Engineer: 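Before I ask anything, here is the structure I am working with.
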Amino acid sequence: MSNTTPALSAAELLRWAWRQLTSMRTALMLLLLLAIAAVPGSVVPQEAINASALANWQDAHPKLTPIYDKIGLFHVYSSVWFGAVYVLLMISLVGCILPRCAVYWRALKLPPPATPKHLSRLPEHAKFSVEASTDEVLARAKAALKSYRIAQFDNSLGAQRGHLREAGNLVFHLSILIVLGGFAFGSLFGFKGGVVVVTGDGFSNAITQYDDFAPGPMFKPTDLEPFNFKLQKFNVEFITKGRSFGAARNFWADLAIVDKPGATPRVERLAVNHPLSVGSTDIFLIGHGYAPHITVRDGNGDIAYSGPSVFLPEGTDFRSFGVVKVPDAKPTQLGFEGEFYPTYAFTPERGAFTVFPDALDPAMSLLSYQGDLGLDDGRPQSVYVLDKSAMKPILKADGKPARLDLHPNDTVKLPDGLGTVTFDGLSRFVKLQISRTPGNWVALLGTIIGLIGLMGSLFVRPRRVWVRVQPDAETGHTLVEVGGLDRSSVSDLATEVDRIADALGREHT
Amino acid sequence: MSKLAFESLSQQAVVGAGVLYFLAFLAQLAGRRVAQPAADGPSVLANLGVTMLPMAALVHLGALVTRGLAAEPVRVPWGNMYEFTLTATFAVVATYLATMRRWSLRWMAPWVTGFAIVVLMADSLWLYEGVTPLRDALQSPWLVIHVVAAIIATGAFVLGGMASGLYLLKERWPDRFTKVPTLEVLDQLAYRMHAFGFPVWTFAALITGPIWAHQAWGSAWNWDPKEVWAFVTWVGYAAYLHARATAGWKGSRAAVVALVALATLIFNFVGINFFFGSGSMHSYAQGLVEHLVLRSPV
């Protein structure tokens with residue numbers, strides 16, 4: 001280190017660092033960095049967005065998975081490095097904008113600056129002589145500069161306009177903070193839950209009723225509004241001809257909503273793009289599928305299970321996969337898993353498949369198991385997965401697994417007198433998202449304010465104009481000089497100076 | 001008129017627009033070569049080339065309208081990539097025609113016309129798809145607003161990108177691009193186009209997009225690949241606007257930033273649907289059912 005330059009003191013170092021961080025160059029670098037940092041999240045599957053795609057990806061890339069996991073590539077948008085970039089950008093923004101707000105506030109109170117000595121040195125300039133008196137010319141100038149702020153000097157006047165450009169710029173940058181604040185508030189105090197409801201069934205808004213529930217860190221269970229509803233009807237139509245054969249449309253569900261205990265139910269229609277609101281909670285229709293009614297009688301002939309079972313669609317053809325667990329069956333617990341086909345078809349080459357997504361000829365094909373379902377050891381289990389570690393397939397007399405093929409109202413006997421399975425009928429289910437995002441309107445307001453500010457910062461043209469008058473002793477006329485200065489990069493200053501000169505009485509020769 | 005008749009009429013209109021664009025292009029090029037009859041005005045051929053452009057655009061518009069009429073029920077003509085591209089190309093030409101006089105952009109006609117020809121050809125050859133109805137999630141007035149804004153912004157960004165690209169070319173080879181105005185004029189044109197496109201893009205990507213996403217998917221911002229790239233594009237153009245005000249970045253570096261931002265926009269437009277097709281909620285090849293993310297109730 002050189003002896004001639006004294007080491008920076010801590011305070012100086014801090015000031016230097018602050019100045020670097022809040023410089024335009026740093027802001028530009030951080031913007032470019034933010035754009036680059038956002039990209040990996042669109043390439044690598046994200047846990048919070050598509051968990052099943054992530055699982056597939058991880059299976060296919062066993063070597064990369066631990067490395068990617070370590071550097072946060074599976075949750076880019078909540079990773080430390082992504083957060084670091086945007087927090088730095090926000091600090092840079094605040095550090096840049098707040099001082100500029102103060103400068104702007106002071107500048108607002110200042111009158112237009114004094115008239116420069118040599119107006120001819122300004123980018124746009126006009127000089128001419130008129131017959132009118134100096135006072136009259138200045139009066140005309142005031143009228144012509146109506147949209148400007150004007151200050152009168154001895155024999156000249158100064159005018160400026162367009163101070164809203166900087167105001168717009170400041171408002172736009174501050175609105176980014178409002179938007180982020182609104183989203184942050186929503187994710188802190190809100191929640192997002194998912195629930196599957198079979199037609200005819202109800203739901204009441206309590207955490208235990210949700211299939212999955214993701215609360216914000218500041219969410220309190222008492223924030224849940226005490227409504228309940230019954231899914232009265234669900235409608236879906238499938239296109240039966242033309243190129244879009246099999247595409248679903250016109251989904252809607254009728255809910256009988258009771259806003260709070262004791263209130264009279266109101267029936268509302270829920271559809272894609274038409275969420276329902278109950279108080280400040282929103283209900284969205286995000287999916288649907290089939291729930292066949294199944295009754296299982298055990299070896300003693302007692303009903304061990306009866307009701308609709310949700311089968312999850314595996315594709316747009318609505319071939320669906322589902323599981324039935326019968327823990328109460330005697331002598332052993334029974335389990336079933338298999339496929340549901342809305343419009344059943346079979347060819348030797350393809351096996352069983354569905355030719356249409358609507359339930360025109362529904363059928364199920366189930367494999368059956370006996371043994372221990374694993375429900376008693378307290379480990380949580382998915383209702384959509386059969387834990388077969390302690391179960392064995394039920395076999396027919398010829399030693400092959402017993403496959404149960406059922407159409408509605410069919411009853412099939414299990415081998416060895418283990419019981420019977422009946423396909424009683426068919427319901428549909430809907431997948432609903434129920435969520436509360438309290439800060440959304442703040443964020444929306446922020447974006448609208450921001451957009452207005454942005455337009456101001458891009459389209460308002462800050463400009464200064466001066467007019468100087470001098471009596472011409474020889475002719476008795478008045479010598480007029482007009483000069484203009486533009487501070488935006490796009491300008492039509494020349495036309496504006498021409499306009500003012502003409503208004504002051506310039507004659508074209 | 002039957003739906004199929006409308007569809008084939010639309011295809012014929014696309015071909016017709018392509019032919020008209022091509023004739024206009026030839027006239028514009030010829031007009032530049034032929035010695036000018038008088039020093040005070042462009043040649044007859046150049047004039048013809050510019051007058052034919054609105055005619056071609058009108059036929060192009062007809063292709064869009066008949067395409068919408070061909071759907072059952074009648075809908076906006078942007079249900080798939082082919083229709084998006086068809087509409088966006090029209091937006092580029094329309095934005096050009098709207099600003100041609102005001103910002104004296106006659107010199108730009110061959111560039112815009114050439115662009116329209118190339119993109120229309122690529123669209124018809126590689127992206128053609130039949131008319132299909134809109135999915136439920138796409139049937140929303142917000143879709144119309146969202147997409148109209150996105151397409152208008154795209155039109156302005158493409159024209160701005162042309163100006164920035166020409167800026168770089170002219171800077172590198174000043175003698176070759178004699179028909180192109182000065183660097184200063186190109187820079188100002190690029191800024192004007194981008195300054196117009198940026199708020200429109202903000203409105204499309206960051207206001208109407210989230211409103212629609214909230215209604216259709218229950219969440220305003222999902223970090224879906226299409227959203228990620230729309231955000232990257234937005235940040236890219238924000239960087240361009242900052243670069244123009246930063247010492248050492250004015251001029252050519254800012255132009256490079258604008259072109260990179262345009263590349264992200266085009267990638268979002270074309271690339272996402274091909275590379276991330278199944279993963280993006282904006283990919284129109286999949287049904288609502290695949291949005292079902294049923295997790296175990298643990």
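Bear in mind that the values here come from a model prediction, so they are computed numbers and not experimental data.
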Engineer: Is any side-chain N of the basic residue among A:Asp358 and A:Arg428 closer than 4.0 Å to the acidic one's carboxylate O?
Structural biologist: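 Salt bridge flag = yes for A:Arg428 with A:Asp358.
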
Engineer: Compare every heavy atom of B:Ala220 with every heavy atom of B:Ala213, then report the nearest pair and how far apart it is.
Structural biologist: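 Scanning both residues completely, I find the closest heavy atoms to be CB-O, 3.6 Å.
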
Engineer: Just so I understand: if I count every heavy-atom pair under 4.5 Å between each of B:Val260, B:Thr264, B:Thr246 and chain A, which residue has the most?
Structural biologist: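 That would be B:Thr246.
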
Engineer: Parallel, tilted or perpendicular: which one describes the rings of B:His146 and B:Trp212, with boundaries at 30° and 60°?
Structural biologist: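 Aromatic pair B:His146/B:Trp212 classed tilted.
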
Engineer: Just to be sure I understand the criterion: a residue of residues 447-457 of chain A counts if one of its heavy atoms is under 4.5 Å from a heavy atom of chain B. Which ones qualify?
Structural biologist: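 The stretch touches chain B at A:Thr447, A:Ile448, A:Leu451, A:Leu454, A:Met455.
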
Engineer: Below 4.5 Å, heavy-atom pairs only: which of A:Lys192, A:Met29, A:Met24 has the largest tally toward chain B?
Structural biologist: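 Heavy-atom pair counts peak at A:Met24.
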
Engineer: Going by the angle between their ring planes, with limits at 30° and 60°, are B:His194 and B:Tyr237 parallel, tilted or perpendicular?
Structural biologist: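 The arrangement is tilted - the two ring planes meet at 30° to 60°.
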
Engineer: What part of B:Phe231 is in contact with chain A, defined as an atom under 4.5 angstrom from a non-hydrogen atom: side chain, backbone, both or neither?
Structural biologist: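 Side chain only.
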
Engineer: Walk me through it: do A:Trp57 and A:Phe74 pass the test ring pair (Phe, Tyr, Trp, His ring centres under 6.0 Å)?
Structural biologist: CA-CA 10 Å; A:Trp57 192 93; A:Phe74 300 132; 5.7 Å; yes

Engineer: Crowded around A:Tyr86 OH? As in, over 12 foreign heavy atoms under 6.0 Å?
Structural biologist: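 Counting neighbours around OH of A:Tyr86, 12 or fewer heavy atoms of other residues, nucleotides or ligands fall under 6.0 Å, so no.
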
Engineer: Check each atom of B:Ala243 against the heavy atoms of chain A and say whether the ones under 4.5 Å are side chain, backbone, both or neither.
Structural biologist: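 Interface part for B:Ala243: both.
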
Engineer: With a 4.5 angstrom heavy-atom cut-off, is it the side chain or the backbone of B:Ala261 that approaches chain A, or both, or neither?
Structural biologist: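 Neither the backbone nor the side chain of B:Ala261 comes within 4.5 Å of chain A.
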
Engineer: Is the closest basic N to carboxylate O distance between A:Asp212 and A:Lys431 below 4.0 Å?
Structural biologist: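 Result for this pair is yes, salt bridge flagged.
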
Engineer: Is the ring pair A:His288/A:Phe238 parallel, tilted or perpendicular, if the boundaries are 30 and 60 degrees?
Structural biologist: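 The arrangement is tilted - the two ring planes meet at 30° to 60°.
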
Engineer: Tell me the closest heavy-atom pair linking A:Pro40 and A:Ala37, and the distance in Å.
Structural biologist: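 Heavy-atom minimum between the residues: CD-O, 3.2 Å.
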
Engineer: Tell me, side chain or backbone of B:Trp142 under 4.5 Å from chain A's heavy atoms, or both, or neither?
Structural biologist: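 No part of B:Trp142 comes within 4.5 Å of chain A.
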
